Amino acid sequence: MKPEQFLERWKTEHIDSGTQQSDASRLVEDLLADAEKEGISRNMLVEAAGSGLVNYIVGAIKEAVEEELR
């Protein structure tokens with residue numbers, strides 16, 4: 001699986017409108033652990049995310065909240 005596909009799938013499975021931004025650091029740790037099991041390195045994830053992983057997770061949380069408000 002490509003890192004981009006992994007990130008999208010992981011985001012869908014782990015982040016929803018109830019996810020708190022204060023959980024971002026823990027979520028990054030979970031993301032890295034799950035990616036490692038799939039043979040995806042931290043560098044591959046950062047490149048796929050296009051920014052730092054915490055920023056990616058915070059952005060995903062904001063997206064989920066905005067979707068819920070629509």
Side-chain angles (χ1 to χ4, degrees):
M1 177 180 299
K2 293 182 179 179
E4 295 83 0
Q5 293 169 316
F6 175 82
L7 273 175
E8 278 302 311
R9 186 189 73 188
W10 195 93
K11 180 172 75 170
T12 301
E13 292 174 356
H14 294 88
I15 296 176
D16 60 34
S17 62
T19 307
Q20 300 296 312
Q21 288 188 18
S22 59
D23 294 334
S25 294
R26 180 187 54 78
L27 288 167
V28 168
E29 289 176 22
D30 293 349
L31 170 63
L32 290 170
D34 291 346
E36 190 176 302
K37 293 175 194 168
E38 298 284 330
I40 299 171
S41 71
R42 178 188 195 101
N43 288 341
M44 293 165 74
L45 286 178
V46 170
E47 188 174 319
S51 64
L53 295 177
V54 172
N55 288 340
Y56 177 82
I57 296 293
V58 169
I61 292 168
K62 288 179 181 176
E63 277 179 31
V65 170
E66 288 172 10
E67 283 294 317
E68 184 71 22
L69 294 175
R70 289 186 192 162

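Note that the structure is a prediction, hence the values are computed from the model and not measured. Nothing fancy with the numbering, it's 1 onward along the sequence.
By the side chain to side chain donor-acceptor pair (under 3.5 Å) test, Asp34 pairs with Trp10, sequence neighbours left out. Looking at residues two or more places apart in sequence or on another chain, you find a side chain to side chain donor-acceptor pair (under 3.5 Å) between Glu67 and Arg70.
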Show me the donor-acceptor pairs, under 3.5 Å and distance only, between side chains in residues 38-62 and residues at least two apart or in other chains.
unit_1: Ser41; atom_1: OG; unit_2: Met44; atom_2: N; d: 3.1

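In this structure, NE2 in His14 is found 6.5 Å from CG in Asp30, a value given to the nearest 0.5 Å. Atom CZ of Phe6 is separated from atom NZ of Lys37 by 9.0 Å, given to the nearest 0.5 angstrom.
Within a 6.0 Å radius of CD in Glu68, no more than 12 heavy atoms belonging to other residues, nucleotides or ligands are found.
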Stepwise salt bridge (charged side-chain N to carboxylate O under 4.0 Å, His left out) test for Glu29 and Arg26: CA-CA 5 Å; Glu29 289 176 22; Arg26 180 187 54 78; over 6 Å; no
